[in-house]
Amino acid sequence: MARKINDMLRRLPVWAVWIAGLIPLALLIWDTLQGNLGVDPVAMLEHRLGRTAIYFLIGGLAVTPLLRLTGISLMKFRRALGLLCFTYAGLHVLAWISTDMGFLWAQMGRDILKRPYLLFGMLAFVMLVPLAITSNNLSIRRLGGLKWKRLHMLVYAAAPLAALHWIWVKKTLPLTPVAWMAVILALLLVRAVLKRSKSAGRKNPAKNTQVKSAT
Amino acid sequence: LSGRPSPFSTSEKPNTLEEITNYNNFYEFGTGKTDPAKNAGAMTTDPWSVEIGGLVDRPGSYGVEDLAPDNALEERIYRLRCVEAWSMVIPWIGVPLASVLEKVGVQSGAKYVAFQTLLRPEEMSGQRFPSIRWPYVEGLRLDEAMHPLTILATGLYSDPLPNQNGAPIRLVVPWKYGFKSIKSIVRITLTDQQPPTSWNELQPSEYGFYANVNPNVSHPRWSQATERRIGAGLFGGREETLMFNGYADQVASLYSGMDLAQNY
């Protein structure tokens, strides 16, 4: 079963994931131009970009657990998922700066330091920046697999921070972002458990730190 | 429905009916801005009665018509400032709350007015989740309640109040954050004690009893220095928030001598 799926996935080019991943953006642009964003287009634009960013973040985070648990490999698409996440996160921040805050830099600066939801969101975004910059083969070669892998562990912090950012902006405990936070924590937990069982099964785990497929 | 024009109305351009009726915070019907428009149709507003009691001379059950008769209606075009830092301009139709309180006769010991929203989970889907404690309750100091700017609204533009805006009768206190203007009122009680209020009970550090619009006292989640006018478009930017939402001339004296950073 997993093999059949992997055979099919092998034939799927990475650019197809990029095309599919940009459909939400195309729909958003279409809705913006058509005036379909409702009474408060500013909030709608911002929220749709932010939500899509989190979905891709979770998608990228799910690749390894999926492989370990089911044998289905989406490894080939992980970089695209990460960069799509960063694209939406960047546009989300840009929408906040321009349409929401109207380029009031001083207020934005004060707010980021003072408002937990903005601090969480900004921290998550800042963590994603080096990951996006190093999402290419050249960076992996330059940094070396181990260093690169360590750097990209930042996503384990960025993902829960992003969900916390979503939860904290609401006035009452909101169901949807709390559910996504649970998904993120579950994915991180699966990783931790799998890692532990893997290293426990090794005879000499200290020497065995080579990266298998860092792309 | 129509009301006499009032000198208390702002000359700012009101938001469209479409905007006012499709962008609501009415958690009884869900926490999303469009949930009330979607779900509030289920609420029965006729028959309706408002139970007025406590320290009043003529307690009892009053119909909406008794409290806001057609010939007493006024149009009040007010700014509305939400604690979430967005704002609108809304042409309400209603009567001064003072006229209602005079009708029922406020006793000398009364210091506060407590309000309560309808509790009917079978028609109000949001009440099936404990996002806040139901029923929604709010309160005003008696002098705030008697202030001529404070109204009970029963209409919007020339329509009876749509359900998502708090039909059939709601409070409007334009110098306070929107959550003070309690919707779909079923109970008004005059008391000598400061009554509990829903958002304050949920998160006292964020929502005070007074909840006066104040750009200098910032909310833990949002700066209150500026606001976004709904309907201004994608690049409408932000405008400065005014003290008491621009009604300082009329209401600042109510709070003279009070530390508004303490009594937020």
Side-chain angles (χ1 to χ4, degrees), chain A residues 28-49 51 91-92 94-122 164-179, chain B residues 15-25 27 30-34 36-38 82-88 126 129-134 164 177-179 198-199 201-203 206-207 215 218-241:
Chain A
L28 190 52
I29 292 170
W30 173 257
D31 281 342
T32 305
L33 296 176
Q34 293 292 306
N36 285 342
L37 293 182
V39 172
D40 188 4
V42 172
M44 184 60 91
L45 183 72
E46 208 171 48
H47 296 168
R48 274 172 63 171
L49 289 167
R51 275 202 304 266
L91 291 171
H92 172 68
L94 213 61
W96 174 69
I97 291 172
S98 59
T99 62
D100 190 345
M101 294 307 297
F103 303 101
L104 294 173
W105 298 103
Q107 191 182 331
M108 276 186 269
R110 278 196 305 272
D111 279 1
I112 290 170
L113 296 178
K114 213 172 158 184
R115 321 284 162 196
Y117 90 93
L118 280 173
L119 189 63
F120 298 151
M122 233 5 126
L164 212 54
H165 160 71
W166 190 358
I167 291 169
W168 226 266
V169 75
K170 303 287 178 184
K171 294 191 297 184
T172 53
L173 195 67
L175 295 177
T176 313
V178 167
Chain B
N15 281 88
T16 63
L17 186 64
E18 160 83 13
E19 288 163 347
I20 297 168
T21 55
N22 287 284
Y23 195 79
N24 308 97
N25 278 331
Y27 280 23
T31 54
K33 293 281 181 291
T34 52
K38 228 177 294 166
C82 178
V83 73
E84 296 164 346
W86 53 265
S87 64
M88 284 196 191
F129 306 97
S131 55
I132 51 183
R133 194 197 290 174
W134 311 115
Q164 62 265 42
Y177 293 119
F179 68 85
S198 287
W199 283 101
E201 274 191 324
L202 183 77
Q203 201 64 269
E206 297 183 19
Y207 312 97
S218 114
H219 182 276
R221 275 169 220 260
W222 305 281
S223 162
Q224 297 294 21
T226 58
E227 63 199 49
R228 224 156 37 71
R229 176 66 59 83
I230 299 301
L234 214 42
F235 291 97
R238 302 181 83 87
E239 44 193 275
E240 307 244 311
T241 290

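Computed from a predicted structure; not experimentally measured. All values below were derived from every heavy atom in this structure, side-chain atoms included, with hydrogens, water molecules and symmetry-related copies excluded. Lettering of chains follows the sequences in order, A, B, ..., and the numbering in each one begins at 1.
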In terms of heavy-atom pairs under 4.5 Å with chain B, the winner among A:Asp40, A:Thr99, A:Leu118, A:Val169 is A:Asp40

Given heavy-atom pairs under 4.5 angstrom as the criterion, report whether the side chain, backbone, both or neither of B:Leu202 touches chain A. side chain

For each of A:Leu175, A:Thr32, A:Val42, tally heavy-atom pairs with chain B at distances under 4.5 Å, and name the one with the top tally. A:Val42

Among B:Lys33, B:Glu18, B:Glu84, which residue forms the greatest number of heavy-atom pairs with chain A at distances under 4.5 Å? B:Glu84

Chain B shares the most heavy-atom pairs under 4.5 Å, among A:Pro41, A:Ser98, A:Pro174, with A:Pro41

Report which part of A:Ala95 has an atom under 4.5 Å of a heavy atom belonging to chain B: side chain, backbone, both, or neither. neither

So which atom in A:Lys114 and which in B:Ser218 form the shortest heavy-atom distance, rounded to 0.1 Å? NZ-OG, 3.2 Å

What's the verdict on salt bridge (charged side-chain N to carboxylate O under 4.0 Å, His left out) for A:Lys171 and B:Glu206, showing C-alpha distance, side-chain angles and the deciding distance? CA-CA 10 Å; A:Lys171 294 191 297 184; B:Glu206 297 183 19; over 6 Å; no

Contacting region of B:Thr31 [heavy-atom separation from chain A under 4.5 Å]: side chain

One should read off an interatomic distance between B:Trp86 CH2 and A:Asp100 CG, to the nearest 0.5 angstrom, of 14.0 Å

So, the part of B:Trp222 with a heavy atom under 4.5 Å from chain A: the answer is both

Side chain, backbone, both or neither of B:Asn24 within contact of chain A (heavy atoms, under 4.5 Å): neither

Considering only heavy atoms, which portion of B:Arg221 lies under 4.5 Å from any heavy atom of chain A: side chain, backbone, both, or neither? both

With a 4.5 angstrom heavy-atom cut-off, which part of A:Met101 approaches chain B: side chain, backbone, both or neither? both

Of the non-hydrogen atoms in B:Pro220 and A:Pro116, which two are nearest, and what is the gap between them? O-CD, 3.9 Å

Contact part of A:Leu45 toward chain B, heavy-atom cut-off under 4.5 Å: side chain, backbone, both or neither? side chain

Non-hydrogen contacts under 4.5 angstrom with chain B: give the residues of residues 103-111 of chain A involved, or none if there are none. A:Leu104, A:Gln107, A:Asp111

Got more than 12 heavy atoms from elsewhere within 6.0 Å of CD, B:Glu240? no

Pick one of side chain, backbone, both or neither for A:Lys170, based on which atoms fall under 4.5 Å of a heavy atom in chain B. backbone

